[in-house]
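Input: a single structure, listed below in C-alpha cells.
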Amino acid sequence: MSIKSIAARLFARQVVKKTNTWANNPVASQNKVFQELIRQAKNTQFGKDHHFDQILTPSDFAQQVPVRDYEQLKPYVDRVVKGEENVLWKGKPLYFAKTSGTTSGAKYIPLTKESMPYHIEAARNAILHYIHETGKADFVDGKMIFLQGSPILEEKNGINLGRLSGIVAHFVPKYLQKNRMPSWETNCIEDWETKVNAIVAETINEDMAVISGIPSWVQMYFEKLQQKAEKPVGELFKNFNLFIYGGVNFEPYRAKFENLIGRKVDSIELFPASEGFFAYQSRNFGIKNEEGMLLLLNSGIFYEFIKSEEFYTDSETSGPKRYTIGEVELNVNYVLIISTNAGLWGYNIGDTVQFTSLKPYRVIVSGRIKHYISAFGEHVIGKEVECAMKQAMKDTAIQINEFTVAPQITPLEGLPYHEWFIEFDPDGSGEPENIEAFAEAIDAEMRLQNTYYDDLIAGKVLQKLVITKVAKNGFQDYMKSIGKFGGQNKIPRLSNDRIIANLLKRE
C-alpha cells in the first residue's frame, strides 16, 4: 500500500463526513446557497433589472425572475462576451465554456472564479466517495485516462474560452499529472478520429487503471484498442477496474463494454455540464447504479424544479409552479432549473430528472425536455426508451452500439408507429436472431413504461414499433455529417421529428 493510497483513504473519510453534513440538512443548505447568490449578485445589471434587493425568499425570486433558456438569456450573455463587467455576475468570468447551440450557433457559458472550483471539487469528491465506500485506493498509483476535448483555449475580449473538458484539463492536480494520459500533445489534437488513434498508440502498452469519458466515445476507443491488440481490453489493461462516465445512460452500452473488456468493472456515474456539476454517484459502486446520484446542494447552485407535464402550460401570472428541494416528490419527471454563482438565473438547462431518494436527495437523469416523442399525445421520454431497451436485452446476447427513436406519422401503408434505429454489434454477434421478436419485446416493455403509448396501441391509433437496423458506424457517420463527431457530443435518444431518422436512412 503506497503513501498516496493511504492519504487518499484518509482524505476520503474527511470529504464524506463533510458531505453528510450538508446532505442531512438539505433545505438549510439550499437556503444558504440561495441567500449568498442573491447577496453577491444584487449589484449586477441582472440583479438590478430583476430587483434582487427586494428578494428575500425563493418565492420572491420566482416572481421576479422568469425561467429562461440560453436563447432567452442571450442578450445578457452577449454583453458579457463583449467584455462588459458586472452583467450576470460580479466582474468578468474566468472562462467561457463553448458548447454547440441549436438556434443560436455556439453557446458561451460563463465560468467564474467562484464556480470553477466546484467543477473540480465535485469530480474529485466522486472518486473519494468511491474510495471510502469500497476501500479501493490502489488505482491512484496507476495510469488514468480522461477522454476529453482539446485543452487549447482561444481568447475572446480578454476571456479564455474552450470546451469544458478542455478547460478542466488545466486544473488536474499535480499529484495526478504523472499518472494522467494521454500526453498534452495528443490531447490537443482537434480531429476526434485522429486523436483516438493517437491515444490508442500511446496507451496500448500501458496498464490503465482508470478510464473516463462518455460511453459511446470510450467504446470507440476500446474497439480500436481491441482491433490493434487482438485481445480484450481487460487483458491489455490488467489493472483496469474503474470506469467513470457521464452525459448518457450507461445501461444500453453495458453489455458491449463487458464484451470488449472481458469482465465487469466498477463504475462511477457523474452528472456534469458546462452550466454546473450537479450530481455524482456516492455509493453502491457495483454492477449498476439504480438508486441515482447524490444531488449537490452545497455547490454554488440553487435548484428549482418544474413538473414536465406542467412545463409547457401557461398560467396568467408567472408560468408553471417552481418547486424547491423541500417540495419535490419521488418518481416525478421534473425539468431542472438552476441559478448559479456563474451568473445563470432561473436557467433551464434542458435536462429532466426524477428523484429516487429524498433522504438524501438522489436523482437520475430521465431525458431532455426537448427530446421526447408526443406525435399522438404519448409524451415518451428518454428514460422510458432506455428502460425498455434494457429490459428487452436482459438475459440475451444482444449488444448494441447506439440507438435513437423517431415517430413515423405517414407510413406508406398501415398505421403510424415509432421507428427504432439500432446499430447492433459491428461483428454481428450481438444481433437478435429474430428482429421481429426483439421488436415485440421492446414494444411490450414500452407499453409497461408509458400508459399513453399502451392506450394508443390498444386503441389502434399506433401499430407496434418497427426496428430499422443501422449499418456499422452509421451513427458515427451521422455525427460527422453534422460536424459533431467526438468530444462531448451525444446522439439524442429520441426526437419528435424525423430529421435524424431521414439522415440515417439516406443511402
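Starting from 1, each residue takes its place in the sequence as its number.
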Could you check if a side-chain atom of [X] sits within less than 4.5 angstrom of a side-chain atom of [Y], using non-hydrogen atoms only?
| X | Y | answer |
| --- | --- | --- |
| Q408 | P416 | no |
| F240 | F139 | no |
| V33 | I301 | no |
| L147 | I214 | no |
| I398 | D425 | no |
| E445 | E384 | no |
| I131 | K136 | no |
| E223 | L260 | yes |

With no hydrogens and no angle check, do the side chains of [X] and [Y] hold a donor and an acceptor under 3.5 Å apart?
| X | Y | answer |
| --- | --- | --- |
| Y347 | D69 | no |
| S308 | T352 | no |
| S59 | R322 | no |
| S366 | Y334 | no |
| N401 | Q219 | yes |
| E378 | N450 | no |

Should the pair [X]-[Y] be classified as a salt bridge under the 4.0 Å nitrogen-to-oxygen rule?
| X | Y | answer |
| --- | --- | --- |
| K256 | E402 | no |
| R493 | E386 | yes |
| K464 | E440 | yes |
| R498 | E419 | yes |

Whether H418 and Y453 hold their rings parallel, tilted or perpendicular, with breakpoints at 30° and 60°: tilted

Quick one: does any side-chain atom of [X] pair with a main-chain N or O of [Y] as donor and acceptor, under 3.5 Å?
| X | Y | result |
| --- | --- | --- |
| S267 | I244 | no |
| T203 | I199 | yes |
| Y361 | L296 | no |
| R263 | G234 | yes |
| K231 | Q226 | no |
| S274 | I109 | no |
| S115 | A342 | no |
| D443 | A439 | no |
| E304 | I306 | no |
| N125 | L128 | no |

Report yes if the distance between the aromatic ring centroids of [X] and [Y] is under 6.0 Å, otherwise no.
| X | Y | value |
| --- | --- | --- |
| F475 | F403 | no |
| F243 | F257 | yes |
| F305 | F355 | yes |

Distance, nearest 0.5 Å, that separates [atom1] of [X] from [atom2] of [Y]:
| X | Y | atom1 | atom2 | result |
| --- | --- | --- | --- | --- |
| Y245 | Q281 | OH | CD | 6.0 Å |
| E431 | I400 | CD | CD1 | 12.0 Å |
| F285 | T134 | CZ | OG1 | 7.5 Å |
| Y452 | L462 | OH | CG | 15.0 Å |
| N187 | E202 | CG | CD | 9.0 Å |
| I261 | L236 | CD1 | CG | 12.0 Å |

Y323 six-ring centre to K321 NZ/CZ under 6.0 Å and within 45° of normal: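 Positive - K321 is close enough to the ring of Y323 and near enough to its axis.
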
Worked verdict on F34 versus F61 for side chain to side chain contact (heavy atoms under 4.5 Å, CB included): CA-CA 10 Å; F34 172 76; F61 181 78; 3.7 Å; yes

Return the minimal non-hydrogen interatomic distance between [X] and [Y], and the atom names on each side.
| X | Y | value |
| --- | --- | --- |
| N241 | Y130 | O-OH, 4.3 Å |
| S150 | I189 | CB-O, 4.4 Å |
| K383 | I364 | CE-CD1, 3.4 Å |
| H119 | F277 | O-CD1, 3.6 Å |
| Y108 | Y70 | N-OH, 3.0 Å |
| L358 | V328 | CD1-O, 3.9 Å |

Side chain to side chain contact (heavy atoms under 4.5 Å, CB included) assessment of V470 paired with I422: CA-CA 6 Å; V470 176; I422 305 175; 5.9 Å; no

Residue pair I457, R447: steps toward the side chain to side chain contact (heavy atoms under 4.5 Å, CB included) verdict: CA-CA 8 Å; I457 296 289; R447 296 180 70 171; 3.3 Å; yes

Heavy atoms of other groups near I499 CD1, more than 12 under 6.0 Å: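 It does not: I499 CD1 has 12 such atoms or fewer within range.
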
Worked verdict on E423 versus K469 for salt bridge (Lys or Arg N to Asp or Glu O under 4.0 Å): CA-CA 6 Å; E423 182 182 331; K469 291 198 291 186; over 6 Å; no

Worked check of side chain to side chain contact (heavy atoms under 4.5 Å, CB included) between K505 and F421: CA-CA 9 Å; K505 280 195 152 182; F421 294 84; 3.7 Å; yes

